[in-house]
Amino acid sequence: MVEEKKYSHLAVSFSIRIFIVLVLFFSILTFLLVRTVKNFSEKDYSSFSEKVIEEDAGKISNWNEVLVNDLRIYADNDVTKTGDTDAILAWLASHGNIMSYNQKLWIG
């Protein structure tokens, strides 16, 4: 009976020590994993954001160039430089082939 108590006490003591070691081990492991994943996530997110920004900036620059080229027909015209609204509308009406459908509806 005394011997059983002794083994029971040793088993409980050993179990508590193993539990403490496991908790400590998993705590350290969790800390290291969180730190590592955080660093990689920040780097991946930064890299992804830079790529998206570069692509979007390129698209916007391209759209801007197309828009400037499309509007050059109107902006470089002598009639538009005069500021005379009636003359501009007449010029636009006479050059219907360069206008979009919405522009044609607006002019009439």
Side-chain angles (χ1 to χ4, degrees):
M1 182 104 173
V2 174
E3 211 170 289
E4 286 179 18
K5 264 189 169 179
K6 185 178 180 182
Y7 287 124
S8 175
H9 179 68
L10 284 174
V12 169
S13 176
F14 183 70
S15 297
I16 291 173
R17 287 182 186 182
I18 287 181
F19 177 75
I20 291 171
V21 168
L22 286 175
V23 166
L24 184 64
F25 173 74
F26 281 114
S27 298
I28 293 170
L29 183 65
T30 303
F31 174 75
L32 292 175
L33 281 173
V34 167
R35 219 171 123 196
T36 304
V37 169
K38 180 182 173 188
N39 289 339
F40 280 118
S41 295
E42 287 175 359
K43 290 176 185 174
D44 287 346
Y45 182 76
S46 298
S47 174
F48 175 74
S49 297
E50 287 175 7
K51 289 177 184 175
V52 168
I53 289 169
E54 288 173 6
E55 284 183 29
D56 287 349
K59 288 178 186 175
I60 291 171
S61 293
N62 188 29
W63 293 340
N64 217 7
E65 290 173 17
V66 169
L67 182 64
V68 167
N69 287 333
D70 286 350
L71 293 178
R72 188 169 289 139
I73 296 169
Y74 304 107
D76 290 345
N77 191 326
D78 291 335
V79 175
T80 57
K81 292 179 182 176
T82 64
D84 183 13
T85 306
D86 293 331
I88 293 170
L89 289 174
W91 182 86
L92 288 173
S94 67
H95 293 84
N97 58 334
I98 62 173
M99 291 189 300
S100 71
Y101 177 75
N102 290 333
Q103 290 170 328
K104 288 179 185 178
L105 288 177
W106 181 74
I107 290 178

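Just so we're clear, the structure is a prediction, and the values are computed from it rather than from any experiment.
Closest heavy-atom contact between Thr80 and Asn77: OG1-O, 2.8 Å.
Expressed to the nearest 0.5 Å, how far NZ of Lys59 lies from CG of Asn62 amounts to 10.5 Å. The line from CG of Leu67 to CD1 of Ile60 is 12.5 Å long, rounded to the nearest 0.5 Å. A distance of 11.0 Å separates CD of Glu54 from OG of Ser49, quoted to the nearest 0.5 Å. Annotation: the span from Thr30 atom OG1 to Phe25 atom CZ amounts to 9.5 Å, rounded to 0.5 Å. Expressed to the nearest 0.5 Å, how far CG of Asp56 lies from CH2 of Trp63 amounts to 7.5 Å.
There is no path of hydrophobic side-chain contacts, each under 4.5 Å, that joins Tyr45 to Val37. Under the 4.5 Å side-chain contact rule for hydrophobic residues, Ile18 and Phe26 share a cluster. Follow the hydrophobic side-chain contacts under 4.5 Å out from Phe14 and you reach Leu22 in the same cluster. In this structure, Val12 is not a member of the same hydrophobic cluster as Val23, with clusters built from ILVMFWY side-chain heavy atoms closer than 4.5 Å.
A donor-acceptor distance shorter than 3.5 angstrom exists from the side chain of Ser15 to the backbone of Ala11, with no hydrogens or angles considered. Panel note: side chain Ser47, backbone Lys43; no donor-acceptor pair is recorded below 3.5 Å.
In this structure, Lys81 places its NZ atom where more than 12 heavy-atom neighbours from other residues, nucleotides or ligands lie under 6.0 Å away.
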Next item on the list: Walk me through it: do Ile28 and Phe31 pass the test side chain to side chain contact (heavy atoms under 4.5 Å, CB included)?
Entry: CA-CA 5 Å; Ile28 293 170; Phe31 174 75; 5.7 Å; no
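When Thr82, Leu89, Ile88 are each tested for a side-chain contact (heavy atoms from CB on, under 4.5 Å) with Thr85, only one passes: Leu89.
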